[in-house]
S.K.: 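Structure incoming, see below.
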Protein chains: 2
Amino acid sequence: MIIDCHGHYTTAPPELKAFRGEQLAGGRPAPPTISDDAVRQSIEANQLKFLRERGGDLMIFSPQASAMEHHRPDEAVAAEWARVSNDLIHRVTQLFPQHFAGVCQLPQTPGGGLDASIAELRRCVSELGFVGGNVNPDPSGGHWTSPPMTDPYWYPLYEALVELDVPAMIHVSSSCNPNFHALGAHYLNADTSVFMQLLEGDLFAQFPTLRLVIPHGGGAVPYHWGRYRGLADRLGRPPLGEHLMGNVFFDTCVYHQAGVDLLLRVIDIDNVLFASEMIGAVRGIDPETGFHWDDTKRYVDAAGLSDDDRRKVFELNARRVYPRLPD
Amino acid sequence: MIIDCHGHYTTAPPELKAFRGEQLAGGRPAPPTISDDAVRQSIEANQLKFLRERGGDLMIFSPQASAMEHHRPDEAVAAEWARVSNDLIHRVTQLFPQHFAGVCQLPQTPGGGLDASIAELRRCVSELGFVGGNVNPDPSGGHWTSPPMTDPYWYPLYEALVELDVPAMIHVSSSCNPNFHALGAHYLNADTSVFMQLLEGDLFAQFPTLRLVIPHGGGAVPYHWGRYRGLADRLGRPPLGEHLMGNVFFDTCVYHQAGVDLLLRVIDIDNVLFASEMIGAVRGIDPETGFHWDDTKRYVDAAGLSDDDRRKVFELNARRVYPRLPD
């Protein structure tokens, strides 16, 4: 079985975007009315089509990351936007229970509290059967005004994640800072920055069962693994394997063979989860290969793993990190 | 001949730091008095020792990056700090002309103009024989309040670099944002962000002979080279080779074999410059190898390059990018 741990509903029916437009225009629109057929069609022609063509089975699926827009400060609007977005993900998981498991958007806001986020996480996991949540380390959208993720500000959210036994994927949303292109800088910078925050701190002494997935192949981290090993040494932290890698996992959203080869060469096989973020940042076909850049299964298949290791990356690690996944 | 294109004077005599301390305490101290012997000793026991032990010949040398502190807003203080720091680099190059070539610190400030920076660049190149300059894309120190490096704000500086025929190394200084550890996040994020700014823009149509060195192995970029190729395609930009790689160069400051292997596998050999940033971010000895993490020559030596390619990385590319280097 092949589990893709990182998909977003980038192809949601247009009614969702229209709802958001009304919200941002200052209205309090009713949740959008979208038929089952429209949901089915938006999935079958896109994520499910590619999943089938590429040989995948199950996708861990959340709302579109860049559309979460946690930088909007109105907490009531954020709560409604998260609820509507998550309810639509839930419908996908109900229509295609074999193929999609839900991960939720949280109604974070810049400088806001986490109560509403924790309530929405609980609702999604306990009532909707979701298997994890996305957590944005920078709700400001590129101004980085929140405390680092090792700060006690975040602890109530971690307590809920631990209690529910679900992981968080660390994933920023859109960028409001012209220095950071969302897909080409902000996403990767966030991955890199949070890993380094965890290295500096000692979060997993407080939360030994907390599990964090750092997407996009871990940002810059595996490429600079020697730098991080050396910084841990310089800062008097334990070796990374002991300090972080019982709790931190990287996905395979790296869009060329050399990058995936490096990831699998450097990072322990137990810490790598297969993912594509398909129909996401990079949607086209690589003229050098004739295949989609985001068809990451091809890179993992070609990486020369043993059968046991391949099964860990494709399935078993995801089951360990996301224990609420269906069998 | 082996040229290390990225060294900082992290071992400057303590009088320099004392001078800076007086500056930051609000004084206007006289430039520090440091004997030739003290300068000689600080180099011979450190950078020159390692250069010799590791088989290097010439280091392109600038003031300590994290101490540049462009986030301090006083323009007169910044100008004096840059001048004193650069004058000390000049003395190193005079005492060891075979082994050190200067690259200058610019007196950038957050939101400040570039006139003083251009004047200092001209002074260092024309009067002190420097071969390049460091440019900080984020003088705010982690708040990223400046315009992207493709913005016309930066053009007068680029005009001076082009006229003087010297490259700029893109290098941030310390971080004032607790989300970004300077060495473990801010440096790499800056490298990644600026590359993406260049990808989004068309700066080299305006400045076809401008040369920018992106250090630390290009941040996250080579590891995500497929992502950048795909984003160029998605954004309607030309292929990266044509769009950027006549003007952008990455150094080899990547502190493990797998990372350097990836860099040399993915990036055209003409775009990679040997560097170590020795006695910098990561100073210790890797217990896995028994050698210093920042002994990057070992990784390049072991990367399986042809003699011609190795000579490009170790010397010829640096001579092309830094034409003012001594023969």
Side-chain angles (χ1 to χ4, degrees), chain A residues 137-138 142-144 146-149 151 177-181 183-186 188-189 191-197 199-200 216-217 219-231 233-235 253-259 261-263 265-266 281-288 293-294, chain B residues 137-138 142-144 146-149 151 177-181 183-186 188-189 191-197 199-200 216-217 219-231 233-234 253-259 261-263 265-266 281-288 293-294 299:
Chain A
D138 173 31
H143 297 296
W144 290 90
S146 291
M149 298 212 70
D151 189 275
N177 187 325
N179 283 288
F180 305 134
H181 187 278
L183 309 175
H186 191 41
L188 303 178
N189 292 351
D191 305 333
T192 306
S193 301
V194 169
F195 185 84
M196 187 63 202
Q197 292 169 14
L199 190 158
E200 288 184 84
H216 320 110
V221 173
Y223 176 45
H224 289 281
W225 195 241
R227 187 179 191 89
Y228 290 98
R229 291 179 54 240
L231 284 171
D233 183 61
R234 184 173 174 184
L235 299 176
C253 292
V254 178
Y255 298 142
H256 61 150
Q257 187 68 48
D261 286 349
L262 173 107
L263 172 68
R265 176 177 170 188
V266 166
V282 179
R283 301 178 181 199
I285 290 175
D286 183 349
E288 287 186 7
W293 270 290
D294 64 11
Chain B
D138 173 31
H143 297 296
W144 291 91
S146 292
M149 297 212 70
D151 190 275
N177 187 325
N179 283 288
F180 306 133
H181 188 277
L183 309 175
H186 190 41
L188 303 179
N189 291 351
D191 304 333
T192 306
S193 301
V194 170
F195 185 84
M196 188 62 203
Q197 292 170 13
L199 190 159
E200 287 184 83
H216 319 109
V221 173
Y223 175 45
H224 288 281
W225 195 240
R227 187 178 190 89
Y228 289 99
R229 291 179 54 241
L231 284 171
D233 183 60
R234 184 172 174 184
C253 292
V254 179
Y255 298 144
H256 61 151
Q257 188 66 50
D261 286 349
L262 173 107
L263 172 68
R265 175 176 171 189
V266 165
V282 179
R283 302 177 180 199
I285 289 175
D286 184 347
E288 287 186 6
W293 271 290
D294 64 10
Y299 313 133

S.K.: If we define contacts as heavy-atom pairs under 4.5 Å, which of A/Gly230, A/Ser146, A/Ala220, A/Pro287 has the most with chain B?
M.R.: A/Gly230
S.K.: Let me know if A/Leu183 has heavy atoms under 4.5 Å from chain B in its side chain, its backbone, both or neither.
M.R.: both
S.K.: Could you tell me if the side chain of B/His186 sits less than 4.5 Å from the side chain of B/Asp138, heavy atoms only?
M.R.: yes
S.K.: Checking B/Leu262 against chain A: side chain, backbone, both or neither under 4.5 Å from a heavy atom?
M.R.: side chain
S.K.: What part of A/Asp261 is in contact with chain B, defined as an atom under 4.5 angstrom from a non-hydrogen atom: side chain, backbone, both or neither?
M.R.: side chain
S.K.: Look at the side chain of A/Tyr228 and the backbone N and O of A/Met196, then say whether any donor-acceptor pair between them is shorter than 3.5 Å.
M.R.: no
S.K.: Roughly how far, to the nearest 0.5 Å, is the CZ atom of A/Phe180 from the OG1 atom of B/Thr192?
M.R.: 10.5 Å
S.K.: Sort A/Leu199 into side chain, backbone, both or neither according to what part of it lies under 4.5 angstrom from a heavy atom of chain B.
M.R.: neither
S.K.: What part of A/Pro147 gets within 4.5 angstrom of chain B, counting heavy atoms only: side chain, backbone, both, or neither?
M.R.: backbone
S.K.: Indicate yes or no for a side-chain donor-acceptor contact from B/Tyr223 to the backbone of A/Gly217 under 3.5 Å, with no hydrogens or angles considered.
M.R.: yes
S.K.: With a 4.5 Å cut-off on heavy-atom pairs, point out which of B/Asp294, B/Asp151, B/Val194, B/Leu263 contacts chain A the most.
M.R.: B/Leu263
S.K.: Which bit of B/Trp225 is near chain A, if near means a heavy-atom gap under 4.5 Å: side chain, backbone, both or neither?
M.R.: both
S.K.: Please determine, among B/Pro148, B/Cys253, B/Ala185, B/Gly142, the option with the most heavy-atom pairs under 4.5 Å with chain A.
M.R.: B/Pro148
S.K.: If you count heavy-atom pairs under 4.5 Å with chain B, which of A/Val254, A/Asp233, A/Ile285, A/Asp191 comes out on top?
M.R.: A/Val254
S.K.: Just by modelled atom types, is the A/Arg234 backbone N or O under 3.5 Å from a matching donor or acceptor in the B/Arg283 side chain?
M.R.: no
S.K.: With a 4.5 angstrom heavy-atom cut-off, is it the side chain or the backbone of A/Trp144 that approaches chain B, or both, or neither?
M.R.: both
S.K.: Report the distance from atom OH of B/Tyr299 to atom NE2 of B/His256, rounding to the nearest 0.5 Å.
M.R.: 8.0 Å
S.K.: Any idea which of A/Pro137, A/Pro222, A/Pro178 has the most non-hydrogen atom pairs under 4.5 angstrom with chain B?
M.R.: A/Pro222
S.K.: Got a donor-acceptor contact below 3.5 angstrom from the B/His224 side chain to the A/Gly219 backbone?
M.R.: yes
S.K.: Do you know which of B/Arg265, B/His143, B/Gln197 has the most heavy-atom pairs with chain A at a distance under 4.5 angstrom?
M.R.: B/Arg265
S.K.: Which atoms of A/Asn179 are under 4.5 Å from chain B, going by heavy atoms: the side chain, the backbone, both sets, or neither?
M.R.: both
S.K.: Listed by chain and number, what are the salt bridge (charged side-chain N to carboxylate O under 4.0 Å, His left out) partners of A/Asp286, not counting sequence neighbours?
M.R.: B/Arg229
S.K.: Need one label for A/His216: side chain, backbone, both or neither, based on atoms under 4.5 Å from any heavy atom in chain B.
M.R.: both
S.K.: When heavy-atom pairs shorter than 4.5 Å are enumerated against chain A, which of B/Met149, B/His181, B/Gln257 gives the highest number?
M.R.: B/His181
S.K.: Using the side-chain hydrogen bond (donor to acceptor under 3.5 Å, both in side chains) criterion, which residues pair with B/Arg227? Sequence neighbours excluded.
M.R.: none
S.K.: Looking at A/Val221, A/Val282, A/Asn177, A/Asn189, which has the largest count of heavy-atom pairs under 4.5 Å with chain B?
M.R.: A/Asn189
